[in-house]
Amino acid sequence: MVKIAAVGTGSIFQRMHLPSYPSVEGAELVALVDVSDQSLKATKKLMLQLYEDKAKELETVDPDRAELLRAAASSIKTYSSLEAALGAEQIDLLDVCTPPKYHEQVVDAIKRGVGVMVEKPMAYSYIEAKRIWDAVKESHAFYQHNEQEIFDPFYYTSRKVVQGGGVGEPLLVSVSFAHYGPENRKWFWDWTVSGGGTLVDMATHSITVGWFLAGFEKRITQVRTVAPHGISQRMSDRLIDGRFRSFEVEDDAHLELRLEGEKGDWVTLLAEGSWSGRDSIPFMVQGTAGVIKGEPENRKLEVVDAFGYEREVAVPKWNSFEMELSNAVSCVKDGTRSISDEDIGLQTTVAMGAAYLSELKGRVAVTPEEFRDFAETFDGGEELVKALIKGVKKGDNS
Ligand SMILES: NC(=O)c1ccc[n+]([C@@H]2O[C@H](COP(=O)([O-])OP(=O)(O)OC[C@H]3O[C@@H](n4cnc5c(N)ncnc54)[C@H](O)[C@@H]3O)[C@@H](O)[C@H]2O)c1
């Protein structure tokens, strides 16, 4: 069994990761780590209930597994720090679900060879993401950039159509992740904790998913923000933490990325991440011989060929978080790398930084090298983020 400690047991862990674990073959959740005692108590209680529900379901078909789940839930340990957990438990894999500011705390564990998976975004800023990346390269510990959308049946099936040659050579990918904002979540609006607004919260999905569809073997070579909204604040104040407040981060992000192949070929990726509703096409892959269109929320996927003939593609049903966790556990057991590794996490972070820099410089195209040169002039992530979000456009919704 792969022994796992969850670090940060708040919303995403309680709602998505914890309910998935009883179904993940080979996973044994042994420790919960959180700075909040309240969160630890609530998570422990939820775990007992979820594991008992699953055990009841399995009682007749797989009594051994049912027993295992009951034993795991009743023996779960709680810790107020990662250090304490690592000192007391034999842990193979950390499941990091803290706010971005605290993702970097895994560096020491990585250096000691402990496997890690970290929720998106990889880290608070490029500076911390690079420290994590350096530690992984040095220790060769397992690393998974947790982007569940690449395990989602809709995007996974779309990639099968692309790779199967269903639309010829892909030329243009459009991906949008949008809602109307996490008003009830204070830290999402606080750049000193989040590292930015909807670009790092929502467009991070669009970038990694779009890249996955175009092919991870391609390199992101240019990024620019695009009209009409670029990286901007569409609303001047919102109901945050109990009252109307102004905020500093963006609530809308539109960018274009150039993904280059080895033969000088490229795919254009249009990525939207929004907390102010959707402005662009939710999903599309345009190839040389057809188009994939779809509605991710409704699991509706269709391919239109060069003659206008439309055919629907069946999208299977499974839980993307369960698949993401299962992927990591299976890789750790087999000693293999994840498809969504530290390179995907870091390059997605670089693309987001380049997008901020593009907006700051007047929506010019920025290369990853230009962004890295810019970022490396700062000693700490907070100064870098502060400089980058100065470019967020305010008060012009034309
Ligand atoms: N994949 C997705 O679709 C998705 C959705 C929401 C959030 N997320 C990501 O998940 C992460 C957590 O988001 P959330 O919504 O669960 O936040 P949250 O605030 O609900 O939970 C975070 C938890 O981390 C704990 N914490 C804070 N500092 C800590 C530390 N130093 N050590 C241990 N625990 C600490 C907090 O007490 C809290 O319980 C973020 O990176 C966020 O971007 C991903």
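Whatever order the structure lists ligands and atoms in, that order sets their numbers, starting from 1. Numbers here simply count residues along the sequence, with the first being 1.
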Novice: Measuring from atom 28 (N) of ligand 1, which candidate in Tyr124, Phe13, Tyr102 has the nearest non-hydrogen atom?
Specialist: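 Among Tyr124, Phe13, Tyr102, the closest heavy atom to atom 28 (N) of ligand 1 belongs to Tyr102.
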Novice: Of the listed options (Leu40, Thr98, Val96), which comes nearest to atom 33 (C) of ligand 1 when hydrogens are ignored and any heavy atom counts?
Specialist: Thr98
Novice: Relative to each other, are the rings of Tyr21 and Phe13 parallel, tilted or perpendicular (30° and 60° limits)?
Specialist: tilted
Novice: Kindly check if the number of other-residue, nucleotide or ligand heavy atoms within 6.0 Å of CG (Asp334) is above 12?
Specialist: yes
Novice: Determine whether the aromatic ring centres of Tyr155 and Phe151 lie less than 6.0 Å apart.
Specialist: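 Tyr155 vs Phe151: aromatic centres not under 6.0 Å.
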Novice: Any idea which protein heavy atom is nearest atom 21 (O) of ligand 1, and the distance to it?
Specialist: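 Scanning the protein heavy atoms, the shortest distance from atom 21 (O) of ligand 1 goes to Gly10 CA, 3.3 Å.
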Novice: Would you give the length of the straight line joining atom CZ of Phe212 to atom OG of Ser158, rounded to the nearest 0.5 angstrom?
Specialist: 9.0 Å
Novice: Centroid separation under 6.0 Å, is that true for the rings of Phe177 and Trp275?
Specialist: no
Novice: Hey, which atoms in ligand 1 end up nearer than 4.0 Å to a heavy atom of Arg185?
Specialist: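 Once the distances to Arg185 are compared, the set is 14 (P), 15 (O), 17 (O), 18 (P), 19 (O), 20 (O).
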Novice: So if I count the atoms of ligand 1 from 1 in the order they appear, which ones are less than 4.0 Å from some heavy atom of Ser36?
Specialist: 37 (O)
Novice: Should you measure from each heavy atom of Trp187, which atoms of ligand 1 turn up under 4.0 Å away?
Specialist: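 Result: 13 (O), 17 (O), 18 (P), 19 (O), 40 (C), 42 (C).
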Novice: Which of the atoms in ligand 1, numbered in the order shown and given with their element, are less than 4.0 Å from a heavy-atom of His103?
Specialist: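 Near His103, the atoms of ligand 1 are 41 (O).
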Novice: Compare Asp34, Val118, Val33 and give the one whose heavy atom is closest to atom 25 (C) of ligand 1.
Specialist: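 Closest candidate by heavy-atom distance is Asp34.
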Novice: Looking at every heavy atom in both Ile281 and Met284, which two are closest together, and how far apart are they?
Specialist: CG2-CB, 4.1 Å
Novice: Considering only heavy atoms of Gln105, which atoms of ligand 1 have at least one such atom less than 4.0 Å away?
Specialist: 30 (C), 31 (N), 32 (N)
Novice: N/O to N/O below 3.5 Å, does that happen between Gln148 and ligand 1?
Specialist: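 There is such a contact, yes.
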Novice: Would a line drawn from the ring center of Tyr124 to the ring center of His103 be shorter than 6.0 Å?
Specialist: no
Novice: With respect to atom 10 (O) of ligand 1, which of Thr204, Ile12, Val193, Val200 exhibits the smallest heavy-atom separation?
Specialist: Ile12
Novice: Out of curiosity, is Pro121 lining ligand 1, as in a heavy atom under 4.0 Å away?
Specialist: yes
Novice: For atom 44 (C) of ligand 1, grab the closest protein heavy atom and report residue, atom and distance to one decimal in Å.
Specialist: Glu119 OE1, 3.1 Å
Novice: Does Arg278 have more than 12 heavy atoms from other residues, nucleotides or ligands lying within 6.0 Å of its CZ?
Specialist: yes
Novice: Below 30° counts as parallel, above 60° as perpendicular, anything between as tilted: where do the rings of Phe154 and Phe283 land?
Specialist: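 The arrangement is perpendicular - the two ring planes meet at more than 60°.
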Novice: Applying salt bridge (charged side-chain N to carboxylate O under 4.0 Å, His left out), run through Arg185 and Glu183 and close with a yes or a no.
Specialist: CA-CA 6 Å; Arg185 315 295 312 285; Glu183 251 78 346; over 6 Å; no
Novice: For Gln90, I'd like to know if atom CD has over 12 heavy atoms of other residues, nucleotides or ligands within 6.0 Å.
Specialist: no
Novice: Given Lys120 and Glu147, is the salt bridge (charged side-chain N to carboxylate O under 4.0 Å, His left out) satisfied, shown in steps?
Specialist: CA-CA 6 Å; Lys120 55 58 81 182; Glu147 174 47 78; over 6 Å; no
Novice: Can you figure out which of Leu82, Val35, Asn146 has its heavy atom closest to atom 26 (N) of ligand 1?
Specialist: Val35
Novice: What protein heavy atom sits nearest atom 12 (C) of ligand 1, and how far off is it?
Specialist: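 So the nearest neighbour among protein heavy atoms is Cys97 O, 3.2 Å.
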Novice: What is the distance from atom CD of Gln286 to atom OG1 of Thr288, rounded to the nearest 0.5 Å?
Specialist: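 Those atoms lie 9.0 Å apart.
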Novice: Out of all atoms in ligand 1, which are within 4.0 Å of some heavy atom of Ser39? Include the element for each.
Specialist: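 Those of ligand 1 that fall under 4.0 Å from Ser39 are 39 (O).
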Novice: For atom 41 (O) of ligand 1, what is the closest protein heavy atom, and at what distance to 0.1 Å?
Specialist: Lys120 O, 3.0 Å
Novice: Using heavy atoms and a threshold below 4.0 Å, how should the contact between Glu147 and ligand 1 be classified: side chain, backbone, both, or neither?
Specialist: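 No part of Glu147 comes within reach of ligand 1.
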Novice: I need the atoms of ligand 1 closer than 4.0 Å to a non-hydrogen atom of Ser11, numbered in the order shown.
Specialist: 15 (O), 16 (O), 18 (P), 20 (O), 21 (O)
Novice: Counting heavy atoms only, which part of His205 comes closer than 4.0 Å to ligand 1: side chain, backbone, both or neither?
Specialist: side chain
Novice: Can you tell which of Ser194, Ser320, Pro99, Ala85 gets a heavy atom nearest to atom 22 (C) of ligand 1?
Specialist: Pro99
Novice: Record the part of Met16 in heavy-atom contact with ligand 1 below 4.0 Å; permitted values are side chain, backbone, both and neither.
Specialist: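 Neither part.
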